[in-house]
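Heads up: numbering here begins at 1 and tracks the sequence.
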Amino acid sequence: MEQKDLDFFRQYLNDSLQDILKKGEETIEDMTDTVEVYADPADRATAESDRAFTLRLRDRERKLIRKIQEALERIEDGTYGICEECGEDISVPRLKARPVTTLCIKCKARQEADEDLRGE
């Protein structure tokens with residue numbers, strides 16, 4: 001992979017990481033600063049549902065943080081963009097679609113087909 005591509009992905013991953021961390025901080029602030037009283041049980045249920053949905057999103061982002069950090073480590077150690085399964089280069093378009101991926105498209109398709117066979 002060319003240096004300009006590595007620089008692009010390093011910047012993209014760092015920007016994504018900062019964005020996720022900022023959203024997490026904003027969520028914490030919103031949930032600790034807001035003390036609302038709902039007269040209508042339906043309004044309260046809606047607010048609780050929205051809060052649970054937001055927390056699920058933040059949990060998914062928490063998992064993504066770990067993947068982003070691992071991708072940044074792979075950039076630093078020179079293994080970014082190399083398939084962990086077959087050792088071939090992962091295409092730049094695939095990395096642009098999923099910058100934290102560790103598998104080339106062929107190996108990922110094979111993995112998904114295996115999962116389908118096992119019913120996962």
**OP:** Could you go through the side-chain hydrogen bond (donor to acceptor under 3.5 Å, both in side chains) check for Asp7 and Gln3 one step at a time?
**Re:** CA-CA 6 Å; Asp7 293 340; Gln3 187 61 42; 2.9 Å; yes
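Cluster membership for Leu103 and Leu13, using ILVMFWY side-chain heavy atoms within less than 4.5 angstrom, is not shared. Residues Leu72 and Val92 fall within the same hydrophobic cluster, defined by Ile, Leu, Val, Met, Phe, Trp and Tyr side chains chained together at heavy-atom separations under 4.5 Å. Under the 4.5 Å side-chain contact rule for hydrophobic residues, Tyr12 and Leu95 do not share a cluster. No continuous path of hydrophobic side-chain contacts links Met1 to Ile82 [ILVMFWY only; heavy atoms under 4.5 Å]. Linking Ile, Leu, Val, Met, Phe, Trp and Tyr residues whenever their side-chain heavy atoms come within less than 4.5 Å leaves Leu57 and Leu17 in two separate clusters.
Among residues at least two apart or in separate chains, side-chain hydrogen bond (donor to acceptor under 3.5 Å, both in side chains) pairs with a member in residues 84-94 are Arg94-Thr101.
Here Arg44 pairs with Tyr38 under the side-chain contact (heavy atoms from CB on, under 4.5 Å) rule; sequence neighbours left out.
Under the 4.0 Å criterion applied to side-chain N and carboxylate O atoms, Lys63 and Asp59 are assigned as salt-bridge partners.
Under a 3.5 Å cut-off, the side chain of Asn14 and the backbone N or O of Arg10 do form a donor-acceptor pair.
A side-chain hydrogen bond (donor to acceptor under 3.5 Å, both in side chains) with Thr27 is found for one member of Arg58, Arg51, Lys22 and no other, namely Arg58.
When all heavy atoms of Phe9 and Pro99 are compared, the closest pair comes out as CD2-CB, 4.4 Å. In plain terms, the two heavy atoms of Ile90 and Cys83 that are nearest each other are CG1-N, 3.7 Å.
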